[in-house]
Amino acid sequence: MGSELNFCIMISAVLFVAGVVCMATKRNAIGVLMGVELVLNAANLNFVAFANYTSLGLDGQVIALFVIVLAAAEAAVALAIALNFYNNHLTIDVDRADDLRG
Amino acid sequence: MVQEFLFWVFGIAVCGGALGVVLSQNVVRMAFWLIISLGSTSGLFFLLQADFVAAVQLLVYVGGTLVLLIFGVMLTASGPYVTMKTSPTEWVAAAVVSSALLGLITVSAYGVDWQAVDGVVSGHARENQPEGYTTAQQGRTIRPLGFALLGMRPDQDLNQSEQPSGVGYLLPFEIVSVHLLVVLVGAAYLARAKRRVDPTAANPAS
């Protein structure tokens, strides 16, 4: 169980770090959204791996399903906000979203 | 043997897709690499005996969420190859921080003996699975997942003397479905067609 589980954890660690870096460095709002998707996917991979290799059983798979649904909802709302931002500013650069700066 | 080989192939595709998302500057190419990464994750789910989750991942994530993202790319790009550069100093800082984070996660993941802590959360060890049930033998997980949503756990309660207790995942399922409905109505409201504001004509912010 140990080595296969660690293999999955390593893959999901790479996914997680890539998502965090994507969120931090991208200036395109859609790119930031893709980083969030990568992070959620890393969490999902961990859930399914632990469901398979430990006694967690089906719990992990059910939680993974919930995460997928919530990711879809998050993408829909964030995309609507990004479209609104683009309509108002004619750009999608997150560095330009400083209207609330005091 | 074949399974191990496929594990490596899908794992490399997942990691390579994630790195491609981070390193590419063009947002359309980022979407392509994201499709590679998420699709290969679905392959990993198949190998981890979660066939229903893998199918949902393909249908909802790759087929739905990513198409939504690509529509967002098309609706917001002012040119087909718009790039917003990240400065080199930011890349250096990101590389340092990300390698430190990856090292931290690796060390902590390899530092835990998962065999020893197995069963602490769920209250029973994997060896105590009910007689005649293994996920690999059962094959499809659709029916056990449906039972789990109703509070019955064939991977734990089979051949057990006491009746299963609790309501399972019925309440979270209902909450998530209503949440999805509310979110989609709200997204449709937020993204409805409006007249574009001309920023040069009037600037109400200042």
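We name chains A, B, ... by the order of the sequence lines, and we start the count at 1 in each one. These figures come from a predicted structure and were not determined experimentally.
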Checklist entry - Hey, which of B:Ala109, B:Ser37, B:Cys15 has the most heavy atom pairs under 4.5 Å with chain A? => result B:Cys15
Next on the checklist: Only pairs of heavy atoms separated by less than 4.5 Å count here; which of B:Ala54, B:Ala94, B:Ser98, B:Ser99 has the most with chain A?
Outcome noted: B:Ser98
Engaged part of [X] at the chain A interface, taking heavy atoms whose separation is under 4.5 Å:
| X | answer |
| --- | --- |
| B:Leu34 | side chain |
| B:Ala31 | both |
| B:Gln57 | both |
| B:Ser24 | backbone |
| B:Ile105 | side chain |
| B:Leu38 | both |
| B:Val60 | side chain |
| B:Leu102 | both |
| B:Phe71 | neither |

Item to check | Where B:Ser40 and B:Ala13 come nearest, the two heavy atoms and their spacing | outcome: OG-CB, 3.2 Å
Item to check | Minimum-distance pair of heavy atoms, taken over all atoms of A:Tyr53 and A:Leu5 | outcome: CD1-CD1, 3.7 Å
Checklist entry - Between atom CG of B:Leu6 and atom CE of B:Met1, what is the distance when rounded to the nearest 0.5 Å? => result 10.5 Å
Next on the checklist: Return the CD1 to OG1 distance between A:Ile92 and B:Thr76, rounded to the nearest 0.5 Å.
Outcome noted: 4.5 Å
Between [options], which has the largest tally of heavy atom pairs under 4.5 Å with chain B?
| options | answer |
| --- | --- |
| A:Val62, A:Val69, A:Leu83, A:Asp95 | A:Val62 |
| A:Val14, A:Leu79, A:Leu33, A:Val77 | A:Leu79 |
| A:Val48, A:Ile9, A:Ile63 | A:Val48 |

Checklist entry - In this structure, are over 12 heavy atoms from other groups packed under 6.0 Å from B:Phe173 atom CZ? => result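 Check fails, neighbour count at 12 or below.
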Checklist entry - Hey, are B:Tyr169 and A:Asp59 close enough side-chain-wise for a donor-acceptor pair under 3.5 Å? => result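 Note: A:Asp59 and B:Tyr169 side chains meet the donor-acceptor criterion.
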Can you say whether [X] sits under 4.5 Å from chain B via the side chain, the backbone, both, or neither, judging by heavy atoms?
| X | answer |
| --- | --- |
| A:Ala24 | neither |
| A:Phe50 | side chain |
| A:Met10 | side chain |

Where the side chain of [X] meets the backbone of [Y], is there a donor-acceptor pair that is under 3.5 Å apart?
| X | Y | result |
| --- | --- | --- |
| B:Thr65 | A:Ala75 | no |
| A:Lys26 | B:Gln25 | no |
| A:Asn84 | B:Leu190 | yes |

Checklist entry - For B:Tyr189, is the NZ or CZ atom of B:Arg192 found under 6.0 angstrom from the centre of its six-membered ring and inside 45 degrees of the ring axis? => result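 Geometry flag: set, cation within 6.0 Å and 45°.
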Item to check | Non-hydrogen side-chain atoms of A:Glu74 and A:Glu37 separated by less than 4.5 Å | outcome: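 Heavy-atom side-chain distance check passes, below 4.5 Å.
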